[in-house]
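Only one structure is covered here, and it is reproduced in the block below.
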Amino acid sequence: MTTEAKNRELLLLFFEPDEMPNPAKKEAFLKNVMTGQITRATKITLDRMLLIQAKYIRKTAWLAALMILLAAALITKGSPNGVLQIAALTSLLAFVTEIETRRSYAYGMAELEMTTPFSLRSIRYARFLILGLLDLSVLTGIALFIRNYITISAMLTLSCLLLPFLLTMAGALLLERTAFGRSHPYGSGVLALLIAAGTEGFLIPNSTAAIPLVVHGFGWVLELAAVFLLVTVIALFCTNVKREEEMTAIWN
Amino acid sequence: MSFDISMQYDRLYRYCYYHTHNRILAQDIVQEAFTRYIERYGSLDDKNAVPYLYVIARNLCIDHYRGQGTQAEKYLQEQTYVEDLNVRRSEAGYSVVEDNTQNTLITKLSIQRALSRLSEEERELLLLISVNEVSAREAGMILGISRFAIYRRLRLAQKHFRTELGKEGIDGDY
Amino acid sequence: MELMTERTSRHMELRIDRVSKQYRNKIAVDRLSATLHAGVTGLLGANGAGKTTLMRMICGVLTPTSGEITYNGVPVSEERYRSVLGYLPQEFGCYPEFSGRDFLLYFAALKGMPRNEAEIRSEELLETVGLADVSKKRVRTYSGGMKQRLGIAQALLNRPQMLILDEPTSGLDPMERVRFRELIGELGKTCIVLLSTHIVSDVEHIADHILMMKNGQLLWQGEWKESDGSLEEFYLREFRE
């Protein structure tokens, strides 16, 4: 035995407690701590999740979000209808995440992704949400600083452009984070479609601006495009559901 | 690599028991120290977790006796009934240890007497570093002195301990 | 020797309760029950015994047809469960443009780790698994052994309390195997490690606990100490029946 070990043994003759800790009390406490550590470390609220994901967004993505906002502003020139037409489409951007998910599956990362606390989808929705919030803050900022009627109303109208988008992304994120949502990815897709259809079918006909026939016609084209997208997306989702079955073929 | 919570719990308990000589109190203080640390810092996987836990526990022990000093000193002066270490352990459900000490006259009482002639700081150093395997850096944080002072004082403490053991008739190549 | 902490710590408990996975024409896992605590558990069985299916269920990749898996009472489906889980599948891929470091950061984001912590931790882990000098190179240039090591680093990112490793030593050269065994032995002290293999010698010296599977069923489970003799012989004997 080494000198240190002998020394320790001697010291332990005195320092070792006369009474050992109550084992049951100890185990219960430690179990609590361990589970608590889990809960504490991962009671990740929405705001915390967004803050964490924000740091992962690439600089080019931030720039792109602002550019898109600028483009949309120029195209619609602040007219309510134009804005709402585009707005309806933006909520369908939720399906962009589908492209990313497919790519990740193609490159064999899907299995690992299924074991992480957050799914790839939820990360994407979170990041889209943040970018949308950035755009919203830019608009609000401009409205606050350039305080004349025209600018403010233009900014407000443009903000409407973002609403379906923000709603979709927030809704999709919240849904995706539930156990049900994660195992039923159609959920967020359905939500996106509902919001798009809602904007299309409800908000536009009720907008206070006069609706010229051209816009009506344009509306039908959009309707068709939405149906086409719906069909494509359902097909994509079906192939994703088959993922699990395909995985099992590999288990042997 | 990771924080061995069970082991640190036992070590902290040993430390708190030395200061309180009360099983319930010691265990409560240990658990309170963990709880407070986690509430403030969240994860235990930090290299400062161990020293901070000791600091919290220590303060709790001192608070409890409200400036009277902890039980440690008092207990050292008492003539305690010497129980065989193994009897204590087996009663609590822990396995017995092999008696590796060559000199069968070594009793808890003689160690106690030797230690009672050391300063409180020397005892703390021996308990923290030699027994509980706290590092010098961590001990420095707990006692509020520099790492170099720790090395020096520990060496002196060990030397002093050996001398006092000699007076108790415990010789040997320690 | 630590005098007081001698009992098996039970504050980390992975409970597998009568779990089955059934497909149209095959039962991959048949009413399997086991409870794992901190330490290394070896999961032995031939190819096709159901080891990977079981591991996938533990990790939430597959849902059991019946039965339940919980960690300290928390079911697999919860975010919290996955946040203390680390998984290394038998095979995994990577985007072609990813470097080793990119790969780790990508998964750190998925594990919800704050970015600066993720960067520090990635550096640490790349160092530990010996990939620090190739961290900026593309993963597709890595050898099989290097990729495996990257996979282990990924599994350790979030300091998991449960580490599930599916055939982690396949593709490693002898020296890497030894290094790996040491790493696992170390991790077993504070973590539940479940490691599957069909090579008995891999686990013989590091596993405290053994589970043996055949045709989806748990054939045998128990503690295994050095003094119990050759695990290999025991294993072959059990399987002959």
Side-chain angles (χ1 to χ4, degrees), chain A residues 5 8-9 12 16-17 20-21 23 26-35 37-44 48-49 51-56 103-120 122-123 126-127 177-180 182-183 244-245 247-248 250-252, chain C residues 1 3-4 7 9-13 21 23 28 47-48 50-53 56 59-63 71-75 77-96 98 103 105-116 118 151 154-155 158 161 164:
Chain A
R8 192 166 185 251
E9 271 242 343
L12 272 166
E16 191 74 317
M20 299 303 176
K26 176 188 172 188
E27 295 305 345
F29 178 73
L30 288 184
K31 201 156 190 176
N32 236 336
V33 168
M34 295 313 269
T35 323
Q37 291 263 276
I38 312 173
T39 314
R40 204 199 156 72
T42 67
K43 201 192 293 200
I44 298 187
R48 198 176 135 80
M49 188 207 177
L51 279 169
I52 293 176
Q53 288 308 317
K55 298 250 171 73
Y56 285 99
R103 186 169 186 246
S104 138
Y105 175 64
Y107 283 107
M109 298 210 283
E111 188 177 358
L112 268 174
E113 282 168 10
M114 285 167 115
T115 67
T116 55
F118 300 108
S119 64
L120 181 57
S122 60
I123 301 292
R127 294 186 194 178
R177 282 186 76 186
T178 62
F180 175 83
R182 189 165 180 172
S183 45
E244 193 175 290
E245 263 86 75
M247 288 271 205
T248 67
I250 315 169
W251 63 257
N252 200 3
Chain C
M1 176 183 63
L3 295 186
M4 285 203 270
R7 298 191 178 171
S9 31
R10 296 185 118 76
H11 55 272
M12 286 193 218
E13 191 176 82
K21 184 66 178 169
Y23 296 108
N47 284 328
K51 307 192 295 292
T52 300
T53 310
R56 283 187 171 146
C59 294
V61 177
L62 296 176
T63 327
Y71 175 73
N72 279 7
V74 180
S77 51
E78 286 192 36
E79 238 173 56
R80 316 186 267 163
Y81 179 103
R82 285 175 230 250
S83 70
V84 294
L85 177 70
Y87 178 46
L88 177 60
Q90 228 173 327
E91 267 164 19
F92 63 92
C94 181
Y95 285 144
F98 267 0
F103 182 79
L105 282 178
Y106 178 84
F107 279 100
L110 285 169
K111 292 185 194 219
M113 291 175 72
R115 177 142 192 179
N116 47 348
Q154 168 277 135
N158 52 332
Q161 291 173 23
I164 312 291

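All chains are named by letter (A, B, ...) in the order of the sequence lines, taking the proteins before the strands, and each is independently numbered beginning at 1. Bear in mind that the values here come from a model prediction, so they are computed numbers and not experimental data.
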| task | Please determine, among Gly151(C), Gly93(C), Ala118(C), the option with the most heavy-atom pairs under 4.5 Å with chain A. | result | Gly93(C)
| note | Most contact-rich option vs chain A, by heavy-atom pairs under 4.5 angstrom, among Ser77(C), Pro75(C), Cys94(C), Gly73(C), is Cys94(C)
| task | Would you mind checking which part of Ser104(A) comes under 4.5 Å of any heavy atom in chain C, side chain (CB onward), backbone (N, CA, C, O), both or neither? | result | both
| Checking Glu79(C) side chain against Phe118(A) main chain: does a donor-acceptor pair fall under 3.5 Å? | no
| Checking heavy atoms, do the side chain of Ala155(C), its backbone, both or neither come under 4.5 Å from chain A? | neither
| task | Using a 4.5 Å cut-off on heavy atoms from C-beta on, say whether the side chain of Tyr106(C) contacts that of Glu113(A). | result | yes
| request: Supply the atom-to-atom distance Arg103(A) CZ to Met109(A) CE, rounded to the nearest 0.5 angstrom. | output: 7.5 Å
| query | With side chains defined as the heavy atoms from C-beta onward, is the minimum distance between Glu13(C) and Lys31(A) less than 4.5 Å? | reply | yes
| Checking heavy atoms, do the side chain of Ile123(A), its backbone, both or neither come under 4.5 Å from chain C? | side chain
| Should Phe92(C) and Gln154(C) count as side-chain neighbours, where that means a heavy-atom distance under 4.5 Å? | no
| message | Taking side chain as everything from C-beta outward and backbone as N, CA, C, O, which of these in Leu120(A) sits under 4.5 Å from a heavy atom of chain C? Side chain, backbone, both or neither. | response | both
| message | Using side-chain heavy atoms (C-beta onward) and a distance below 4.5 Å, is Arg115(C) in contact with Leu105(C)? | response | yes
| query | Under a 4.5 Å heavy-atom cut-off, does chain A meet the side chain of Leu110(C), its backbone, both or neither? | reply | both
